[in-house]
Amino acid sequence: MRERIESKHVTKEIKSQVPVIPVEIVKERGCTFCPYYLGNYEKQPRCMMKTCAWDDENERFHPVLRGLIPFYKEKMEKAEVKFLAMKKIYTTLLGMFADEMKQVELEKDECYGCAYGKCGPCIGICYKSMKA
């Protein structure tokens, strides 16, 4: 089974043009459990498929769904522009405060300000553990 778009992502304009499933078929085949079922629109059950298919060989999506491609392409491009703007702000802020952030991380270290660390290289004996 190929990937498919979820019902909640199909616009109302497209849903109104998608094929209606007769109520008898919905009851007979259990369409509400099918991954291509689009739910009810205008009180009529709708399907994404051109013709009903339960196997991968016969999957043919209804051509009207292609109308969603430019809609989501535009949304994706707007989201990408917004994402890149936010990423630029974030990286600029990181650059502005890089030195301060390094200092904060250094201060979190147990050996920061240690009596042994101030007078020479660390010898591996922690003053805190010796004192405890």
Side-chain angles (χ1 to χ4, degrees):
M1 194 174 287
R2 289 186 290 173
E3 285 189 34
R4 45 117 188 123
I5 192 168
E6 291 181 29
S7 174
K8 63 184 177 186
H9 298 295
V10 177
T11 61
K12 289 180 180 181
E13 296 80 28
I14 300 293
K15 267 189 188 178
S16 66
Q17 299 172 42
V18 171
V20 174
I21 312 167
V23 178
E24 304 82 44
I25 292 177
V26 172
K27 290 178 181 177
E28 177 187 321
R29 297 185 185 164
C31 292
T32 54
F33 299 106
C34 178
Y36 305 112
Y37 180 67
L38 273 181
N40 285 330
Y41 183 76
E42 295 176 353
K43 298 182 180 180
Q44 295 179 320
R46 306 287 177 144
C47 182
M48 281 190 235
M49 302 302 284
K50 199 171 189 178
T51 55
C52 189
W54 287 88
D55 56 340
D56 295 346
E57 301 290 322
N58 296 320
E59 281 184 341
R60 300 288 180 265
F61 292 101
H62 198 276
V64 77
L65 290 172
R66 288 184 69 181
L68 290 171
I69 293 172
F71 173 76
Y72 278 105
K73 182 180 180 187
E74 183 181 337
K75 285 185 96 166
M76 182 191 69
E77 288 169 350
K78 286 180 181 177
E80 188 175 21
V81 167
K82 189 175 179 180
F83 168 76
L84 292 174
M86 293 297 134
K87 185 177 178 182
K88 184 178 180 190
I89 292 168
Y90 175 70
T91 54
T92 303
L93 282 169
L94 283 179
M96 289 167 58
F97 296 101
D99 293 336
E100 289 90 343
M101 291 171 67
K102 284 180 188 174
Q103 183 63 29
V104 168
E105 287 300 315
L106 184 63
E107 289 174 6
K108 289 180 183 176
D109 189 9
E110 285 185 1
C111 292
Y112 181 78
C114 173
Y116 291 107
K118 283 184 180 176
C119 61
C122 184
I123 57 172
I125 302 172
C126 187
Y127 181 69
K128 286 183 180 176
S129 65
M130 286 173 44
K131 204 173 180 186

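Worth saying up front: this structure is predicted, and the values here are computed from it rather than measured.
Using a 4.5 Å cut-off between side-chain heavy atoms of Ile, Leu, Val, Met, Phe, Trp and Tyr, with links allowed through other members, F97 and I89 fall into the same hydrophobic cluster. Cluster annotation: Y41 and I5 are assigned to distinct hydrophobic clusters (Ile/Leu/Val/Met/Phe/Trp/Tyr, side-chain heavy-atom contacts under 4.5 Å, transitive).
With a 6.0 Å radius and a threshold of 12 heavy atoms from other residues, nucleotides or ligands, E28 has its CD atom above the threshold.
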Mind listing the side-chain donor-acceptor pairs of residues 63-73 below 3.5 Å, one per line with the distance, residues two or more places apart or on another chain?
residue, atom, partner, partner atom, Å
Y72, OH, H9, O, 2.5

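Every pair tested for salt bridge (Lys or Arg N to Asp or Glu O under 4.0 Å) that includes a residue from residues 91-103 fails, sequence neighbours excluded, so the list is empty. Within the structure, salt bridge (Lys or Arg N to Asp or Glu O under 4.0 Å) pairs that include any residue of residues 36-46 comprise E42-R46 (at least two apart or interchain).
The line from CD of E80 to CD of E77 is 7.5 Å long, rounded to the nearest 0.5 Å.
Considering M48, M49, H62 as possible partners of L38, the one that fulfils the side-chain contact (heavy atoms from CB on, under 4.5 Å) test is M48.
Hydrophobic cluster membership of F83, counting Ile, Leu, Val, Met, Phe, Trp and Tyr whose side-chain heavy atoms lie under 4.5 Å apart directly or via other members: L84. Hydrophobic side-chain contacts under 4.5 Å tie I21 into a cluster, directly or through other members, with I25, V26, Y37. Side-chain contacts under 4.5 Å among hydrophobic residues (ILVMFWY), followed directly or transitively, place M76 with no other residue at all.
Taking every heavy atom of both residues into account, S7 and G39 meet most closely at OG-N, 4.3 Å.
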